[in-house]
Amino acid sequence: MGQRVINDPLRVARKTITFDSGSGTGATGAAPLFTVTGEVLVSKIVPYCTTLLAGSSATLALGVTGSTSLFIAATTATDIDADEFWVDTGPDANGIALPAALQDILVTDNIIGTVATAAISAGVLEFTVFWRKISSDGNVA
């Protein structure tokens, strides 16, 4: 890994996924959301649903390569509705304190979403990651 970084500014990366049962957009298996290089501190990660998810018996977990539920365990996709924060297995509308699992997490692997049981056929999730470099080659894209 690269040289350690001190006092790195807080950075933001955002990605929107429109689910349609396709590869990387709802098919079963792991799909990369953000590519991580080096060492980074995920200060906060905030998943927000803008269009309710559909897919009979489909589940979705949020994690990193090698630890697929590091952030959020498998959640029934149809429980994630529009205008809800998906911060745990029981999504919340209006407002919620961000759980510890979604803040101050050190990672060196890609951030991924893992769809299981069945495909997610519709819906939109927006992922916002607030992060800092720990190593000089740290990046989230």
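Both backbone and side-chain heavy atoms feed into the values below; hydrogens, waters and symmetry mates do not.
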Keeping to residues at least two apart or across chains, list the ring-ring contact (aromatic ring centres under 6.0 Å, His included) pairs with something in residues 90-109. none
Can you name the side chain to side chain donor-acceptor pair (under 3.5 Å) partners of D88, sequence neighbours left out? none
Can you tell me how far OG1 of T78 sits from CD1 of I120, rounded to the nearest 0.5 angstrom? 9.5 Å
Nearest heavy-atom neighbours spanning P91 and D79: CG-O, 3.4 Å
One should read off an interatomic distance between D92 CG and I80 CD1, to the nearest 0.5 angstrom, of 11.5 Å
May I ask you to decide if E39's main-chain N or O and T108's side chain share a donor-acceptor pair within less than 3.5 Å? no
So OG1 of T16 and CG of L125: to nearest 0.5 Å the spacing works out to 9.0 Å
Can you list every pair that meets salt bridge (Lys or Arg N to Asp or Glu O under 4.0 Å) and has a residue in residues 7-22, with sequence neighbours left out? D8-R11, R14-E126
Quick check: do T35 and V140 have side-chain heavy atoms less than 4.5 Å from each other? no
Listed by chain and number, what are the side-chain contact (heavy atoms from CB on, under 4.5 Å) partners of T37, not counting sequence neighbours? N139
More than 12 heavy atoms of other groups within 6.0 Å of N94 CG: no
Side chain to side chain contact (heavy atoms under 4.5 Å, CB included) between V129 and V42, intermediate numbers included: CA-CA 7 Å; V129 178; V42 173; 4.0 Å; yes
For T75, give me all partners under side chain to side chain donor-acceptor pair (under 3.5 Å), at least two apart in sequence or on another chain. W86
Answer whether the closest heavy-atom distance between the side chains of L10 and S43 falls below 4.5 Å. yes
If hydrophobic clusters are built from ILVMFWY residues whose side chains come within less than 4.5 Å, do I105 and V46 share one? yes
With F85 via ring pair (Phe, Tyr, Trp, His ring centres under 6.0 Å) - residues at least two apart: Y48
Taking all non-hydrogen atoms of both residues into account, name the closest pair between A58 and A118 and its distance. CB-O, 3.2 Å
Please round to the nearest 0.5 Å and tell me the distance separating atom CG of L52 and atom CD of E84. 9.0 Å
Side chain proximity check, I45 to I111, heavy atoms < 4.5 angstrom: yes
Holding to side chain to side chain donor-acceptor pair (under 3.5 Å), I want the full list of residues that pass it with T51, two or more places apart in sequence or in another chain. none
Is there a donor-acceptor pair under 3.5 Å between the side chain of Q103 and the backbone N or O of L98? yes
The reported gap from CG in L33 to OG1 in T114 (rounded to nearest 0.5 angstrom) is 8.5 Å
Partners of S69 by side chain to side chain donor-acceptor pair (under 3.5 Å), sequence neighbours excluded? none
What is the minimum heavy-atom distance between S121 and S21, and which atoms define it? CA-OG, 3.2 Å
Which salt bridge (Lys or Arg N to Asp or Glu O under 4.0 Å) pairs, counting each pair once, include a residue from residues 112-123, with sequence neighbours left out? none
Sole residue of L70, N110, I112 in side chain to side chain contact (heavy atoms under 4.5 Å, CB included) with V64: L70
Minimal heavy-atom distance between T18 and T25, with the atoms involved, is O-CB, 3.5 Å
Pairing residues for R132 by the salt bridge (charged side-chain N to carboxylate O under 4.0 Å, His left out) criterion, not counting sequence neighbours: none
So, taking the atom named CG in L62 and the one named CG in L102, what distance separates them when rounded to the nearest 0.5 Å? 7.0 Å
Side-chain touch I17/V124, heavy atoms, less than 4.5 angstrom: no
Residue pairs, two or more places apart or on separate chains, that pass ring-ring contact (aromatic ring centres under 6.0 Å, His included) and touch residues 97-120: none
Please collect all ring-ring contact (aromatic ring centres under 6.0 Å, His included) contacts where either partner lies in residues 118-141, sequence neighbours excluded, each pair once. none
